[in-house]
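As structure tokens, the structure follows; a few thoughts come after it.
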Amino acid sequence: MKFEITKTDTNTRARAGVLQTDHGPIQTPIFMPVGTVGSVKGVHQHELSHDIQAQIILGNTYHLYLRPTMHIMEQAKGLHNFMGWQKPILTDSGGYQVFSLAANRKLTEEGATFRSHIDGSKHLFTPESVMDIERTIGADIMMAFDECPPYPSDYKYAKNSMELTHRWLTRCIKRFNETEPHYGHQQALFPIVQGSTYLDLRRQSSEFVAEQGMDGNAIGGLSVGEPAEMMYEMLDLCTSILPADKPRYLMGVGTPVNILEGIALGTDMFDCVMPTRNGRNGMIFTSEGIINIKNKKWENDFSPLDPNGTSYVDTDYSRAYVRHLMVAGERLAGQICSIHNLAFYLWLVAEARKNILEGTFSVWKTSMVQKLQTRL
RNA sequence: GUGGAUGUAGCUCAGUCGGUUAGAGCAUUGGUUUGUGGUUCCAAGGGUCGUGGGUUCGAGCCCCAUCUUCCACC
């Protein structure tokens with residue numbers, strides 16, 4: 001998997017590049033909409049590709065393994081064919097679900113046992129089985145199986161967890177190298193840096209990950225409740241160690257401001273449920289600030305949802321109408337807001353890219369961060 | 001007209017033997033949401049307990065009158 005950096009910013013560590021996959025190029029920095037079960041909640045694939053112009057989406061190993069199961073995935077000849085999406089896909093490994101389903105988890109050296117949230121049945125994920133599952137799903141980018149420790153974690157827990165993640169990574173890479181793609185297109189494996197909120201662990205983990213020489217590298221275990229400044233401090237260190245000529249992926253982040261800060265620190269890829277989840281609950285991100293469309297003040301505001309927006313929903317529908325749909329509990333409200341938010345996130349990273357290429361990123365970012373935090 | 005039932009938050013209703021500041025759901029208002037168990041979660045505002053008397057240390061609750069709405073029968 002080839003990654004070419006077109007330009008690196010002079011004032012920050014931001015870069016603009018292109019990541020080539022067998023399902024097409026990804027222009028970085030990029031935001032990747034989350035499509036956990038083979039569906040970005042409330043948004044059609046057609047809208048994703050045509051209206052939002054998403055370049056890559058996520059699928060989730062944990063969820064797809066439980067349903068529809070790998071038996072179906074194999075028959076469907078992979079997730080691309082199954083869901084009718086011929087652009088790149090990245091699959092999360094299920095490591096985060098082990099963390100978020102902590103009540104039911106049990107970690108051993110071998111792997112993680114957990115109970116299905118669907119029927120309560122017991123399952124075991126190992127680095128090897130997760131690699132096999134991600135091969136079957138057929139993602140262009142597969143994520144290593146890791147443990148995502150909660151915040152706060154004490155030093156000892158964080159260290160043991162990181163070391164376990166490293167041993168699992170070695171097994172992931174071994175299995176990855178011993179197996180072939182099922183559907184003819186190339187797959188990459190990205191390892192994940194852990195280390196909680198401890199700089200020396202983050203350094204150690206970044207170095208270990210960098211040594212593996214994979215096509216791209218991820219930073220996990222952040223945005224799990226720690227202060228934003230702490231996240232930036234960890235990210236700053238990780239990106240200073242991870243190879244500059246490979247894409248860097250900050251997992252699960254975040255707010256529009258988080259993403260701009262992440263780009264400035266040399267991160268190229270982001271994913272987050274925020275635009276879709278918050279959209280379903282009526283929070284709209286715009287270039288002028290944040291709107292809670294449920295608020296009464298929009299009741300008779302017939303101006304466009306977002307006059308500066310790039311999606312058709314921004315000009316076709318008024319704030320009053322979307323508020324009405326939201327208050328009435330209509331599903332269309334969440335769909336409109338999800339489409340808007342995803343389009344906005346994609347616009348934001350495209351705009352960041354443009355400014356990096358034009359050498360104006362730093363100035364643009366400063367003014368943008370200011371506006372993004374405004375509440376309308 | 002007679003008999004019975006009913007009246008408590010915007011709506012639908014709880015409210016024990018008469019006892020602390022009358023509660024719930026929905027609705028309203030605001031906040032929340034970070035590698036998606038999610039139309040999420042949290043909180044706030046909102047009351048002359050139909051009205052007027054009475055009994056009692058104390059009444060949403062007991063007594064009297066009156067009004068509202070509903071039902072049945074003339």
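Note that the structure is a prediction, hence the values are computed from the model and not measured.
Salt bridge status for Arg135(A) with Glu180(A): absent, with no side-chain N to carboxylate O gap under 4.0 Å. Salt bridge present: Asp236(A) and Arg13(A) bring a charged side-chain N and a carboxylate O closer than 4.0 Å. Ion pairing between a basic and an acidic side chain is recognised when a charged N comes within 4.0 Å of a carboxylate O; Glu358(A) and Lys354(A) show no such pairing.
Here the nucleotide nearest the side chain of Lys294(A), chosen from G31(B), G38(B), G37(B), is G31(B). Candidate nucleotides G37(B), U40(B), G35(B) were compared by shortest atom distance to the side chain of Gln97(A), and G37(B) ranks first. Nearest nucleotide to the Asn295(A) side chain, out of G30(B), U32(B), U36(B): G30(B). In this structure, the nucleotide among U32(B), G30(B), U29(B) sitting nearest to the side chain of Arg375(A) is U32(B). Closest approach to the Met274(A) side chain among U34(B), U36(B), G37(B) is made by U34(B) (side chain taken as heavy atoms from C-beta onward).
The gap from the P atom of C64(B) to that of U55(B) amounts to 15 Å, rounded to the nearest Å. Distance check on atom P: C63(B) versus A5(B) gives 11 Å, rounded to whole Å. A gap of 32 Å separates the C1' atoms of A59(B) and A72(B), to the nearest Å. Here the separation of C13(B) from G7(B), taken at their P atoms, is 9 Å to the nearest Å.
For the pair Asn292(A) and G31(B), the criterion of a side-chain N or O lying under 4.0 Å from OP1 or OP2 is met.
With rounding to the nearest 0.5 angstrom, the OH atom of Tyr249(A) is 5.0 Å from the CG atom of Leu90(A).
The base of G38(B) does not come close enough to the side chain of Asn281(A) for any donor and acceptor atom to sit less than 3.5 Å apart. Put simply, the side chain of Thr276(A) and the base of U36(B) share a donor and an acceptor less than 3.5 Å apart. Between the side chain of Lys297(A) and the base of U29(B) there is no donor-acceptor pair of N/O atoms closer than 3.5 Å. No hydrogens or angles were tested; on distance alone, a donor-acceptor pair under 3.5 Å links the side chain of Arg280(A) to the base of U36(B).
The partner of A24(B), taking Watson-Crick or G-U wobble pairs whose two distances both stay under 3.5 Å, is U12(B). Base pairing annotation: A5(B) forms a Watson-Crick or G-U wobble pair with U69(B), both donor-acceptor distances under 3.5 Å.
Across all strands shown, Gly221(A) has heavy atoms under 4.0 Å from base atoms, whether or not it also approaches the sugar-phosphate.
For the segment residues 64-71 of chain A, the set of residues with a heavy atom within less than 4.0 Å of an atom of RNA chain B is empty. Applying a 4.0 Å cut-off to non-hydrogen atoms, none of the residues of residues 196-204 of chain A approaches RNA chain B. Residues from residues 249-271 of chain A lying near RNA chain B, meaning a heavy-atom separation below 4.0 Å, are Met251(A), Gly252(A), Val253(A), Gly254(A), Thr255(A), Asn258(A), Asp271(A) in numerical order.
Among the candidates Gln187(A), Gln186(A), His80(A), His185(A), the single residue satisfying the side chain to side chain donor-acceptor pair (under 3.5 Å) test with Asp140(A) is His80(A).
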